[in-house]
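This report concerns only the one structure given below.
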Amino acid sequence: MDEKERFWHEITTYLKDILSLTSYTTWVEPASVTRLGNQSISIAVPNSLTKSYWERHLAGYILQYSLENYGVEYEPTFIIVPEDEPESLRNKPDILASDNEYFSDSQLNPNYTFENFVIGEDNKMAGGAALAVCDGPGKTYNPFLIYGGVGLGKTHLMQAIGHEIKRKNPAAKIKYATSESFVNDFITSIQNGSQKEFREMYRNIDVLLIDDIQFLSKKDATQEEFFHTFNALYNNEKQIVLTSDRLPNNIDNLEERLISRFKWGLSTDITPPDLETRIAILRKKASSDRLDISSETLTYIANNVDTNIRELEGALMRVIAFAAIEGRDINSNLAAEALSNMLGDNEKKPITVSEIINQVSRFYQISGEAIKGKKRTKDIVHARQVGMYLARELTELSFPKIGDEFGKKNHTTVIHAYEKIADNLDEDDELKDQLKQLKQKLS
Ligand SMILES: Nc1ncnc2c1ncn2[C@@H]1O[C@H](COP(=O)(O)OP(=O)(O)OP(=O)(O)O)[C@@H](O)[C@H]1O
């Protein structure tokens, strides 16, 4: 037994111990190891459903087991090899490895392509602009920033740009990193005295994709480095694509010079998908797993999960897994059963004013006491008025009751705050974005 087979035998034995028999036979048995590197392991799985299950529930065990027993974390990557693929391919680690290497060189997820990305009303601006970026990398929109709430497809769209540019120009060097890995790479380079290599890695490329730039907040030295990376790429007409959960203006402690550079190109937001788009996304996922699921069932799922696309995919996976485990056909009754716990859990509790004050306080970094207090500096008044507006929008409370909760303010103060924010919303995109984020946090 070689090293790879031995590790696989050990980890699957370990998983057999901790999982139920059904989970083990449904998810672990169909998987196989294809390669073991110094700090990585490639695993072949038969479909994207199994891949997601491994990614969400089992990958952590591999990291933990390898660290505890081998002193190194084997980072797992999953490759989909359909079961009806010839046996020869399933057992050809070299083919799989080289395929994997193609992607690992830029760290792109092979599934995050335009082909797999459904464009609907909510994301058509972002989708169209992303395609335009691929037609003129470094020229059309540079930088290109995609922003929006959790699980709405920012990473997918960003990586689709990487794939598409690579497809059009196979020689293009694409670098994808989360802002956390940018920070870590930078810190490691300082510790190891390898700044030159770090700069090579981030500057000697054609396209830089940086995910979740909100995490650059408060990291002064890294922001400085990122600023120089940005300038080097921008000046050489190399494409920069960024994602963020909010507009750069609303990222705390982000340097002004970065904010202004991020505004040079195009910023576009992605909002939660409407029902039709949610159904289309489910249909695409089902068909890529070669599953024939009725429109009625897909509509049932889409109707009941409207938070974000990651949750929507999770719900579909749950339905499919439930059907597999119970040995039943997929229909809307089964979907209702499979999702009953999940939907029950999600039943909305009414939002309280103290939750609103809490979120507003964290968002604007102004204490709850100040919001409820009497001070009238500009920042405090703004936070207070936003809080009052949200209280009116998100609770059933009357103006006088809201006034009470905000430190016994008169109801006319609340009415004034409500009207002021409502009026400003029409013209102020930044305010609109702040409220969107706050509402998302509160929901
Ligand atoms: N329009 C879409 N069509 C098909 N799949 C989508 C679409 N948007 C998102 N998804 C899928 O939803 C999941 C979550 O998307 P993604 O990770 O890109 O979200 P995100 O906005 O980057 O989330 P986060 O804020 O957590 O980083 C992914 O599996 C992605 O493939």
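Side chains are part of it too, since the values below use all heavy atoms of this structure and drop only hydrogens, waters and symmetry mates. Keep in mind that this is a model prediction, so the values were computed, not measured. Read the numbers this way: they start at 1 and go in the same order the structure lists the ligands and their atoms.
- Closest to atom 31 (O) of ligand 1 among all protein heavy atoms lies His156 ND1, 2.7 Å.
- From the protein, the heavy atom lying nearest to atom 23 (O) of ligand 1 is Gly151 N, 2.9 Å.
- Heavy atoms of Lys284 stay at 4.0 angstrom or farther from ligand 1.
- Ring geometry for Phe186 versus Phe198: interplanar angle of 30 to 60°, hence tilted.
- Heavy-atom neighbours of Asp292 CG from other residues, nucleotides or ligands within 6.0 Å: at or below the threshold of 12.
- Ring planes of Trp264 and Tyr234: tilted class, angle from 30 to 60°.
- Nearest protein heavy-atom contact of atom 11 (C) of ligand 1 is Glu313 OE2, 3.2 Å.
- For ligand 1, none of its N or O atoms has an N or O atom of Val150 under 3.5 Å away.
- Using cut-offs of 30° and 60° for the angle between ring planes, the Tyr65 and Tyr14 rings count as tilted.
- The parts of Thr155 lying near ligand 1 are both backbone and side chain, judged by heavy-atom distances below 4.0 Å.
- For the pair Val118 and ligand 1, the shortest N or O to N or O distance falls below 3.5 Å.
- With a 4.0 Å heavy-atom cut-off, ligand 1 is reached by no atom of Asp245.
- Atoms of ligand 1 lying under 4.0 Å from at least one heavy atom of Asn123, given by number and element, are 1 (N).
- Ligand 1 has a nitrogen or oxygen under 3.5 angstrom from a nitrogen or oxygen of Leu152.
- Of all protein heavy atoms, the one closest to atom 28 (C) of ligand 1 is Tyr112 OH, 3.5 Å.
- For atom 17 (O) of ligand 1, the closest heavy atom belonging to the protein is Arg310 NH2, 3.0 Å.
- The closest protein non-hydrogen atom to atom 21 (O) of ligand 1 is Lys154 NZ, 2.8 Å.
- Here Leu298 contributes atom CG and Ile293 contributes atom CD1; the two are 5.5 Å apart, rounded to the nearest 0.5 Å.
- Using 4.0 Å as the threshold, Lys285 has a heavy atom nearer than that to some atom of ligand 1.
- Using cut-offs of 30° and 60° for the angle between ring planes, the Phe226 and Phe182 rings count as perpendicular.
- Regarding atom 4 (C) of ligand 1, its nearest protein heavy-atom neighbour is Asn116 O, 3.2 Å.
- Residue Gly153 places at least one N or O, backbone or side chain, under 3.5 Å from an N or O of ligand 1.
- Residue Gly149 places a heavy atom less than 4.0 Å from ligand 1.
- For a threshold of 3.5 Å applied to N or O pairs, the pair formed by Asp211 and ligand 1 contains no separation below that value.
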With side chain to side chain contact (heavy atoms under 4.5 Å, CB included) as the test, would you mind laying out the steps for Leu425 and Tyr389 before giving the verdict?
-> CA-CA 11 Å; Leu425 266 181; Tyr389 174 87; 3.3 Å; yes
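- Using cut-offs of 30° and 60° for the angle between ring planes, the Tyr53 and His57 rings count as tilted.
- Using cut-offs of 30° and 60° for the angle between ring planes, the His156 and Tyr112 rings count as parallel.
- Looking at Ile187 and Ile190, their side chains never come closer than 4.5 Å, going by heavy atoms from C-beta outward.
- Within the 4.5 Å cutoff, the side chain of Pro76 has heavy atoms near those of the Leu63 side chain.
- Exactly one of Ile146, Thr178, Asp211 qualifies for a side chain to side chain contact (heavy atoms under 4.5 Å, CB included) with Thr155. That residue is Asp211.
- Given atom 12 (O) of ligand 1, the protein heavy atom at minimum distance is Ile309 CG2, 3.2 Å.
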